[in-house]
Amino acid sequence: MIQIKAMILLAIMFILGACGGSGSGDSAPSQEEGGSQPPISYPKMTQAQASRLLHQATFGPTGAEIDAATNLSAHAWLEQQFSLSPTYHLPLLKLSPDKEQATYINRIDTWWHASLRAPDQLRQRVAFALSQIFVVSDTGNNLRSQPEAMLNYYDLLLKHSFGNYRDLLQDVTLSPVMGTYLSHLGNEKANVELNIRPDENYAREVMQLFTIGLEELNLDGTPKRTAQGNTIATYDQTQIEGFARIFTGWTFADSTKWTRPNKDYLKLMQVWPEYHSELEKVLLNGTVVAANEGPENALKLALDNLFEHDNVGPFISKQLIQRLTTSNPSADYVARVAQVFNDNGSGIRGDLKAVIYAILMDPQARDLSQAPAHFGKLKEPLLQTAQLWRELNAYSQSGYFITWGLDETHGQVPLGSPSVFNFYRPDYQPLTLAGTELVAPEAQIANSATSIGLLNYHYSSLVWRIASTKDDNTGNQILVDFSDHAKLVEAEGKTALIDYYNQVFLSGQMSDELRRELLGVFDWAEKQDLQYQIAYCLFLLVVSPEYAHQR
Amino acid sequence: MDRRTFLSLCLKGGVSAAVLTSTQLSAMQSLLNQQQYNDYKALVCIFLLGGNDSMNMLLPMSGQDKADYLASRQNLAIVDPISLSPISSLAETGLNPALAPLHDIFNTGDLAFVGGVGTLLAPTTLDDFKNKRSHIPAHLFSHNDQQARWMHGKEKQSINTGWGGRMLELLEDHPHFASNISLAGTNPWQTGHKTSAFAMSRSGQAKIHAFKGTSNRAQQIEQSVMRNLAASQSRLAKVYGEGLSTGIANSQAMNASLENLVPLPDFGEGRLSQQLQTVAKVIASQSQLGTGRQIFYVTMGGFDTHDEQVTKHPELLAELATSMSEFNRAMVSLGVNDQVTSFTMSDFGRTLSSNGDGTDHGWAGNQMVMGGAVKGQDIYGTLLPQRLGSEFDVKGGRLIPQVSTEQYSATLAKWFGLSASDIIELFPSLGNFDQATLNFMA
């Protein structure tokens, strides 16, 4: 369960800012500890509010999901999501027909199946966000031939999505997939005679990317400055070498030989003490792990040392905010969430469920009238396609979602980043925003080539793959079904469809101009089948700037 | 508006090129050709992502240097180098045999190496490093920060601008979109204050399905899409709307210019080969586009060889060398070899010491420059001794560069046509060095 104090604090902030709650809401469960606060009433969401929350917290809502959520408050919807058991990916893996071994494309198929259809949408979305922080990738390396291992890594992220960050950090560190990707698997202590010293790869990236970043941060995510105005580095080569020693001695589980390990990519790595460096290790904030501490205890001390660093709260919170709600959170927003990271209200640090709750229940996230004008983010291409396929009940006759070349059509592949630095930097500023303080990370993959790739992908998905226009033998083609939308037009007219699209795809924020363009389709395409008219209409909507900007 | 202004505007993305036929485009090209330059020049940056172990491209052949090399590199040492005879050096130097496809290009004088290059703000000694003096570049050994430093060429004002884009802006008030082309997406090197790279896919194809055909549908959809893009309201919506509408207009112009090209020599199937093939096609169509200067960006990944270096690194170098030799052949066949210079950049060199089966992030490295204008068959800069504990070794075989990335880049920028004052504007820290440029370009 969510830690109650933090939850109530946020809920109060939200309700104070929200416009008068209408109708009956549900109440927070009564307080267990302290028990004196009155129960809090949460207003039910309108359609637009529900759509907005589900854009931030799922792989894109369907009309049916918005209807269901409209009976709930934001709090209750989140509680419901938190209570669902995880849909793990590895058990869903389906081999290609007549094949005995899984391949890369099977793991991509599995990702689509789970992301589109799993009921635990919030967990799936958070795991996707975490996969862009704790990056591993099978692009251009040997992990490409280990699809089960990649799925298992994603499952590890799913498992800890609502758990504690410290546990997540430990499992990520000991994952043989991460060990392979950042090469601390098989990393051994120094051999002075052979000029061999421990591999520094994981030591560096675990600090730069997974925990603290390069510069000391304030609680609100802004860099600390010296009197001269300079930023302060969080570590130097001394700490790199200290952590590099920590991550020595680990290899595949159940190996009988260090030099020829048993390649079990699914179990967490195990330690071979004789290959671990027992030298002293200098860590952060003046902490030193003494010589001969033993590999497991040294690892525990080192991960604690990282976890306890003041940067982790703001560093991780800000990136999760950027992945879910807004590219440019105000300093206050970051500070509010980082505070929850530091202490969930019950004295627990690193409670990710409380952090996710704080991100999504923040007044800025829930009430656009309290958010700055630039609030929101550019929708990731994979999230765009996911929403379309969810709403249009996409399927293929073969039962697979076979999608080659996502890097060229979407600029991103799940667990397929070009490097450990993810598809985009959190601080990427496109030229259009030059001279402002604003960033738009997702714009880094929206270059002319990928933007046109996505434009084409949407067109072919929507216009060339309409199920009712196809014969029987469509094989792996991913088909979309407009029949419900056509029924709506036939029963209630084109305006009803546009109103529906406004709720589902634009959270009720459609401009008059876009509405006119969409209605216009039914005039210029009137001689074509209704399904095509609808497909053109939806195509124009999803390639519009209004859809691109999730607010 | 006269025809020239109109076409110029159109190619810069101000007007949709869709309204022009390719015949109209080529009919107007001659106007643009005369616009600014008397000649044509192109720079092709080949970025080796991850940090190439480039010290292992050039090897000592004999004596104490070789003994030191073998002692430091151990199982990662290259024991069967190809002998190179640089013009200006008495000593033989060994070439990593994985680079064999470049040997002939070196010998015909179209390829040079530049040794000991890395990020520096001023000449730096071991003593400076140990005392953490202020001119030590920030975030050494970090991938993205060091990549950025190679690319921006100026103490960063913004993490996103680089010397390639700013160089074009110094040469032209409003750089033509086709003067700045990336085969690997957005990058700081090609981003200026008001221009950024036009990104092409590896295959170079960018037909727009929704707009294809002569039906009413195609026309209506195109017009509606473009109206929607132009109507972007919020700042973030504008990022998308302006980006896509410019991308569409430029892609249509590029598609038109890529029709009916002269045939090129074959390229391989690898990603770098494919990118360089598209670069070659664009260069072949340059007269259609009417750009006097072009910069290109291609990348090759996988150089972060923390493990399995013994097998991985030779494969990487072989692919690099093969792709570069294909590109050289294409430039010669197009008759533009003297006008096109390609060059490598990479995050950093790597440690001379091993971590068991690979190397870690280092500092100085060696780079390659190729083209008819290169004073080839030679090695410039400093071939640093591959000895642990030398006066250049800050620790573990991370070597202090003797040539700054800015001197290396400035030499290329000077050849490209930048004036001495523009070069200082582009690379202000050059004032800290004795020479602003090296001697590797004719």
Side-chain angles (χ1 to χ4, degrees), chain A residues 140 183 186-188 194-201 204 208 214 237 327 373-374 376-378 408 418-419 421 425 427-434 436 438 440 443-453 455-456 459-460 511 513-514 517 520 524-525 536 539-540 543-546 548-549, chain B residues 49-50 72 74 139 141-144 158-160 182 185-186 191 193-194 196-201 206 208-210 216-217 220-221 224-225 227-229 231-244 246-248 250-251 301-302 306-307 353-356 358 360-361 388 395-396:
Chain A
S183 63
N187 182 22
E188 57 188 271
L194 295 178
N195 291 325
I196 291 174
R197 39 164 193 79
D199 185 317
E200 296 170 358
N201 200 13
R204 184 179 300 281
Q208 182 170 351
L214 293 172
Q237 187 62 21
S327 299
H374 56 255
K377 63 191 285 281
L378 289 174
E408 293 211 323
S419 80
F421 291 89
R425 301 175 59 126
D427 55 0
Y428 178 72
Q429 183 182 60
L431 270 184
T432 328
L433 295 176
T436 73
L438 303 179
Q444 198 176 339
I445 53 169
N447 58 61
S448 40
T450 50
S451 304
I452 287 173
L455 188 76
N456 283 337
Y459 191 76
S460 55
S511 70
E513 291 81 4
L514 183 58
E517 292 290 340
W524 61 254
Y536 299 150
F539 169 72
L540 289 175
V543 304
S544 74
E546 292 175 38
H549 181 186
Chain B
L49 295 167
S72 68
Q74 296 284 334
H139 308 313
F141 323 128
S142 152
H143 286 295
N144 57 348
S158 144
I159 54 169
N160 296 317
S182 171
T186 311
T191 306
H193 297 296
K194 49 195 181 192
S196 60
F198 171 65
M200 297 176 71
S201 66
I208 297 165
H209 301 332
N216 178 48
R217 183 267 308 156
Q220 292 287 353
I221 286 189
S224 188
V225 165
R227 278 194 301 267
N228 289 337
L229 294 179
S232 306
Q233 299 281 326
S234 68
R235 278 211 168 112
L236 285 181
K238 277 194 171 71
V239 170
Y240 168 82
E242 289 178 9
L244 183 55
T246 307
I248 288 171
N250 293 343
S251 296
H306 289 278
D307 55 10
S353 60
S354 149
N355 61 33
D360 287 302
H361 305 179
L388 291 172
K395 201 172 180 190

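Every chain is numbered from 1 and lettered A, B, ... according to where its sequence line falls, protein lines coming before strand lines.
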Could you walk me through whether A/Val543 and B/Asn228 pass the side-chain contact (heavy atoms from CB on, under 4.5 Å) test, one step at a time?
-> CA-CA 9 Å; A/Val543 304; B/Asn228 289 337; over 6 Å; no
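- Taking all atoms of both residues into account, the shortest heavy-atom contact from A/Pro430 to A/Ala443 is CG-CB, 3.9 Å.
- Contact record, B/His193 with A/Leu431: O-CD2, 3.3 Å, taken as the closest heavy-atom pair.
- With a threshold of 4.5 angstrom between heavy atoms, B/Ala210 approaches chain A through its backbone and through its side chain.
- The heavy-atom pair separating B/Gly185 from A/Asn447 by the smallest distance is CA-ND2, 3.4 Å.
- Within the 4.5 angstrom heavy-atom criterion, atoms from both the backbone and the side chain of B/Ile208 approach chain A.
- For A/Ile445, no part lies near chain B; criterion is any non-hydrogen pair under 4.5 Å.
- Of the listed residues (B/Ile221, B/Leu244, B/Val225), the greatest number of heavy-atom pairs within a distance under 4.5 Å of chain A belongs to B/Ile221.
- For the pair B/Ser353 (side chain) and B/Gly396 (backbone), a donor-acceptor distance under 3.5 Å is present.
- Ranking A/Asn456, A/Ile452, A/Asn187, A/Thr432 against chain B, the residue ahead of the rest is A/Asn456, based on heavy-atom pairs under 4.5 Å.
- Using cut-offs of 30° and 60° on the angle between ring planes, the pair A/Tyr459 and A/Tyr536 is parallel.
- In this structure, chain A has no heavy atom under 4.5 Å from any part of B/Ser182.
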Take B/Asp360 and A/Arg197 through the salt bridge (charged side-chain N to carboxylate O under 4.0 Å, His left out) test and state the conclusion after the steps.
-> CA-CA 10 Å; B/Asp360 287 302; A/Arg197 39 164 193 79; 2.7 Å; yes
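- Of the listed residues (A/Asp199, A/Leu433, A/Leu214), the greatest number of heavy-atom pairs within a distance under 4.5 Å of chain B belongs to A/Asp199.
- B/His306 and B/His361 have tilted rings, their planes meeting at an angle from 30° to 60° on a 0 to 90° scale.
- With respect to chain B, the highest number of heavy-atom pairs below 4.5 Å among A/Gln444, A/Glu408, A/Glu200 belongs to A/Glu200.
- The most heavy-atom pairs under 4.5 Å with chain B, out of A/Pro418, A/Pro198, A/Ser544, A/Ala449, come from A/Ala449.
- Contacts of B/Thr191 with chain A are made by side-chain atoms alone, with heavy-atom separations under 4.5 Å and no backbone atom involved.
- Among the candidates A/Glu546, A/Gln208, A/His549, A/His374, the residue making the largest number of heavy-atom pairs closer than 4.5 Å to chain B is A/His549.
- In this structure, the side chains of A/Leu455 and B/His209 stay at 4.5 Å or more apart for every pair of heavy atoms.
- Contact count against chain A (heavy-atom pairs under 4.5 Å) is highest for B/Ser234 among B/Ser234, B/Gly301, B/Gly241.
- Note on A/Thr450, A/Leu194, A/Leu378: by heavy-atom pairs under 4.5 Å with chain B, the leading option is A/Leu194.
- Highest contact tally toward chain A, considering only B/Lys194, B/Arg227, B/Gln233, is held by B/Arg227 [criterion: heavy-atom pairs under 4.5 Å].
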